[in-house]
Undergrad: 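A single structure is presented below for examination.
Numbers restart at 1 for each chain; the letters A, B, ... are given by sequence-line order, proteins then strands. Keep in mind the model is a prediction, meaning the values are calculated, not measured.
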Amino acid sequence: MPGPISGKVSIVGIGQSEFGRFLPDSQLGLGAKALRAALADAGLERSDIDGLSLHMGWPLGADYDRIAEVYGLEVDYVHQAWTHGRFVTSTLQHAAMAIATGMAQVVACITAICFTRERQILGGPGDHEGMREQGATHGENPVFGLTSPAAGAAFAMQRYMADYGVTSAELAAVPVALRRHALLNPHALMKTPLTLEAHQASRMIVDPLRLFDCSLVTDGAVVVLLASADRARDLRQRPVQIAGMQGIRSGRSEFIFAPPNLGINQQPVARVTPRERDMAVYRMAGIDRAAIQGFYTYDAFSPLVLFALERFGFCGPGEAARWVQDGRIGPGGDLPVNTSGGLLSEAHVCGWNSIAEMVRQLRGEAGSRQIPSASCLQWGTCWGDSVILRC
Amino acid sequence: MMDPSHPTAKPLPRITSDNGPFWEACRRHELLLPWCDACERSHWPPGPVCPFCFGVRTAWRSASGRGRISSWVVVHKEWLPAFRDDLPYNAVQVELEEGVRLTGNVVGVPNEALRVGLPVEVVFDDVTETATLPRFRPTDAAV
C-alpha cells in the first residue's frame with residue numbers, strides 16, 4: 001500500500017568530499033565541500049535549503065546549530081542523529097517526512113566525519129559510549145575488555161558460525177566481492193585486489209573477525225538533498241524517488257549486529273527470517289523483492305552483509321554465507337551489493353557513500369560498475385531499516 | 001567507570017540505582033539476578049521495570065551461577081592500553097540456567113578450548129578493594 005510519502009519525495013542532489021585518511025580538512029571543511037557539490041549537482045542555491053537532517057554530532061563532531069552558523073544557513077526544520085551508523089535511514093526518513101508534511105521544502109542530509117582524528121573515541125580510552133549509564137549496545141562491556149562495536153559483530157558471527165557450520169573462508173566472499181566493486185570505483189580508497197588467501201592470512205582483530213572483515217577508518221563527507229517530487233521535476237538532475245521506507249526494528253528480539261532471534265545479548269533463539277513485518281518496505285514501494293536490482297547495506301563488518309540478506313529474505317536463515325559465494329554479490333552478479341565498495345573498501349562515511357552510489361546508479365552515472373538499466377535499488381540493514389529508491 | 005586520574009587503569013563497573021545490588025552482591029561473592037514477582041522470570045539488564053509485563057514488583061534473587069557459553073570472542077587488537085598485557089584475551093556471553101545472558105571472561109581454560117555450549121560456572125575476581133567482577137570457569141563436568 002503506497003503511503004503518503006511514496007513517490008512524493010525525491011533525492012535531487014548528491015555531493016561528496018574527497019575520501020581519505022588523515023585529510024588536512026576539518027570535519028566541517030569536508031562537509032562544506034560536499035554541500036557545495038550537492039547544491040551544484042541539484043542546481044539549487046544555499047538559500048533554498050530550509051531543513052537539515054544530520055547524521056553527525058557529539059561526541060564525534062559538530063551539532064546542527066554550529067553547522068548552520070558555520071555554513072550560513074537559515075533553516076526551519078532540524079533533525080539530528082549522532083554519528084552512529086544505524087541512523088542512515090532515520091536521517092533520510094526525517095527529511096522525507098518534513099517535506100511530505102510541508103514543514104520544509106529542501107532538506108540537506110549531511111554527514112561529515114574525520115574518523116582518523118577520533119580514534120580514541122572508537123573503543124579507546126575516550127570511549128564515552130561504553131562508559132555511559134547503561135553502557136553501549138553493540139555488545140561492548142569495557143569492564144571485561146570489550147570496548148569496540150567490533151566485539152558485537154564478532155559475538156554474532158561466532159554464534160552464527162557455530163549454529164550453521166559457517167567458516168571464516170566463506171565469510172571472506174563478502175569483503176572479496178566488495179573489493180571487486182571498489183576496483184571499478186576511482187573514488188574508492190582500496191586499490192588492490194583482495195583474495196581469499198589474503199583475507200585468511202590477515203591478522204585477527206577480534207576472533208572470528210579478521211582485518212578485512214572490518215571497515216576502513218577514514219575521513220569524508222556526503223550530502224544528499226531532498227525535495228518534493230513536484231519541485232524535483234524543475235531541477236537539474238533526473239529525480240530519484242523514495243518509493244518505500246521502513247524504520248529501525250528494535251526490541252528484545254533484536255541485537256544491532258545480528259539477525260532477529262540469533263541469541264546474542266537477550267535475544268530469544270529461533271529461526272524467524274524473513275519476518276512479515278520486515279517486508280513492509282516492499283509493500284510501501286509496491287514491488288516484489290525480486291524487482292531489486294542492487295542491494296546496499298551497512299557493512300561496518302562483513303557479517304552484517306550476511307545478516308541483512310537474511311533479514312530481507314534474499315536467502316533463508318543460515319544460508320547467506322553460501323549464497324554469497326561465486327560472485328553473486330560482486331560486479332555482474334545476480335544481486336550486486338554495495339557497488340561503490342562500501343565501508344569495507346571505498347570509505348567509511350557512515351553509509352552515506354552507499355546512498356550517493358545508489359543515486360549515481362539510478363541516474364546511470366556509475367561508469368564501469370553500472371548496474372544495467374538500474375531502476376530499483378534497496379538500502380536495508382541487518383537491524384531492519386530500509387529505503388527503496390526508484391527512478 | 002574510567003578513573004580520570006588513572007587513564008591506564010582498567011575500567012570498573014559504573015554503579016547505578018538499577019544495577020547497584022548486582023555489584024554489591026558480587027563483592028560478597030554472590031550472584032544476584034533481577035526477577036519479576038508477577039512473571040516469575042528473571043531478566044537482564046536490570047532495570048526499573050520487568051520488560052515482559054512492565055510490572056514494577058521486581059526483586060533480586062540468588063542465582064545458580066551455572067550456565068553455558070552462548071557466544072565467545074578473542075580480542076587481539078589493543079583498544080584499551082590497560083588490557084595490553086592480557087592480549088589475546090577472551091570475552092564470552094553466558095546463558096545462565098535462569099535464562100538471562102551475562103557478559104564476562106572465562107578463566108582457567110585456553111582460548112582454543114572455548115566453544116558455544118561449554119558449561120561454565122561463575123567465579124569472583126576481587127579486582128580492587130571496592131570492586132569484584134564475576135567471571136566464569138568451565139565446570140568440572142566440562143573438563
Undergrad: Starting at CZ of A:Phe155, measure out to CH2 of B:Trp72 and round the result to the nearest 0.5 Å.
TA: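 The CH2 atom of B:Trp72 is 10.5 Å from CZ of A:Phe155, to the nearest 0.5 Å.
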Undergrad: Heavy-atom distance under 4.5 Å to chain A: side chain of B:Pro46, backbone, both or neither?
TA: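 Looking at B:Pro46, just its backbone touches chain A.
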Undergrad: Go through the steps to decide whether B:Val74 and A:Met204 satisfy the test side chain to side chain contact (heavy atoms under 4.5 Å, CB included), and finish with yes or no.
TA: CA-CA 9 Å; B:Val74 177; A:Met204 203 63 93; over 6 Å; no
Undergrad: Name the option with the most non-hydrogen atom pairs under 4.5 Å to chain A; the candidates are B:Val127, B:Val100, B:Asn105, B:Leu133.
TA: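 Answer, by heavy-atom pair count under 4.5 Å with chain A: B:Asn105.
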Undergrad: Do B:Lys10 and A:Val143 have side chains that approach each other closer than 4.5 Å (heavy atoms only, starting at C-beta)?
TA: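 Heavy-atom side-chain distance check fails, nothing below 4.5 Å.
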Undergrad: More than 12 foreign heavy atoms under 6.0 Å from CZ of A:Phe22: is that the case here?
TA: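 Enclosed.
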Undergrad: Measure distances from A:Ala154 to the heavy atoms of chain B and classify the residue's part below 4.5 Å as side chain, backbone, both or neither.
TA: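 When you check distances to chain B, atoms from both the backbone and side chain of A:Ala154 fall under 4.5 Å.
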Undergrad: Is there side-chain contact between A:Gln266 and B:Arg101, with heavy atoms separated by less than 4.5 Å?
TA: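 Contact flag for A:Gln266/B:Arg101 side chains = yes.
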Undergrad: What part of B:Ser70 is in contact with chain A, defined as an atom under 4.5 angstrom from a non-hydrogen atom: side chain, backbone, both or neither?
TA: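 Backbone plus side chain of B:Ser70, per the 4.5 Å heavy-atom cut-off to chain A.
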Undergrad: Going from CD on A:Glu140 to OG1 on B:Thr103, what distance comes out if it is rounded to the nearest 0.5 angstrom?
TA: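 Between A:Glu140 CD and B:Thr103 OG1, I get 10.5 Å after rounding to 0.5 Å.
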Undergrad: How many angstroms lie between atom OG1 of A:Thr147 and atom CD of B:Glu78, to the nearest 0.5 angstrom?
TA: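 Reported to 0.5 Å precision, the distance equals 10.0 Å.
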Undergrad: Say you draw a straight line from CG of B:Asn90 to CZ of A:Phe144; how long is it, rounded to the nearest 0.5 Å?
TA: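 Going from the CG atom of B:Asn90 to the CZ atom of A:Phe144 covers 11.5 Å.
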Undergrad: Evaluate the criterion side chain to side chain contact (heavy atoms under 4.5 Å, CB included) for residue pair B:Phe83 and A:Leu146; output intermediate values, then yes/no.
TA: CA-CA 10 Å; B:Phe83 287 87; A:Leu146 298 175; over 6 Å; no
Undergrad: When rounded to the nearest 0.5 angstrom, what distance separates CD in B:Gln93 from CZ in A:Arg159?
TA: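 If we round to the nearest 0.5 Å, B:Gln93:CD and A:Arg159:CZ are 9.5 Å apart.
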Undergrad: Given that the side chain runs from C-beta out, which part of A:Asn265 has a heavy atom under 4.5 Å from chain B: side chain, backbone, both or neither?
TA: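 For A:Asn265, heavy atoms of backbone and side chain both lie under 4.5 Å from chain B.
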Undergrad: If we define contacts as heavy-atom pairs under 4.5 Å, which of A:Gly139, A:Gly135, A:Ala162, A:Ser148 has the most with chain B?
TA: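 Ranked by contacts with chain B, first place is A:Ser148.
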Undergrad: Considering all heavy atoms of both residues, which atom of B:His43 and which atom of A:Arg252 are nearest to each other, and what is their separation?
TA: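 Closest approach of B:His43 to A:Arg252: CB-NH2, 4.4 Å.
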Undergrad: Show the numbers, then the answer: is there a side chain to side chain contact (heavy atoms under 4.5 Å, CB included) between B:Asp18 and A:Gln134?
TA: CA-CA 9 Å; B:Asp18 288 331; A:Gln134 287 294 348; 3.8 Å; yes
Undergrad: Measure distances from A:Ile264 to the heavy atoms of chain B and classify the residue's part below 4.5 Å as side chain, backbone, both or neither.
TA: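 Contact with chain B involves both backbone and side-chain atoms of A:Ile264.
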Undergrad: About how many Å separate NZ of B:Lys77 and CG of A:Leu209, when rounded to the nearest 0.5 Å?
TA: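 Rounded to the nearest 0.5 Å, the CG-NZ separation comes to 12.5 Å.
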Undergrad: For B:Val73, does its backbone N or O pair with a side-chain atom of A:Gln158 as donor and acceptor, under 3.5 Å?
TA: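 No; zero donor-acceptor contacts below 3.5 Å.
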Undergrad: Non-hydrogen atoms of chain B under 4.5 Å away: do they reach the side chain of A:Arg203, the backbone, both or neither?
TA: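 No part of it gets close to chain B.
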Undergrad: In this structure, are over 12 heavy atoms from other groups packed under 6.0 Å from A:Arg275 atom CZ?
TA: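 For A:Arg275, atom CZ is crowded (more than 12 foreign heavy atoms under 6.0 Å).
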Undergrad: Is there a side-chain contact between B:Trp79 and A:Val206 in this structure, where contact means two heavy atoms from C-beta onward sitting under 4.5 Å apart?
TA: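 The answer is yes; the side chains approach within 4.5 Å.
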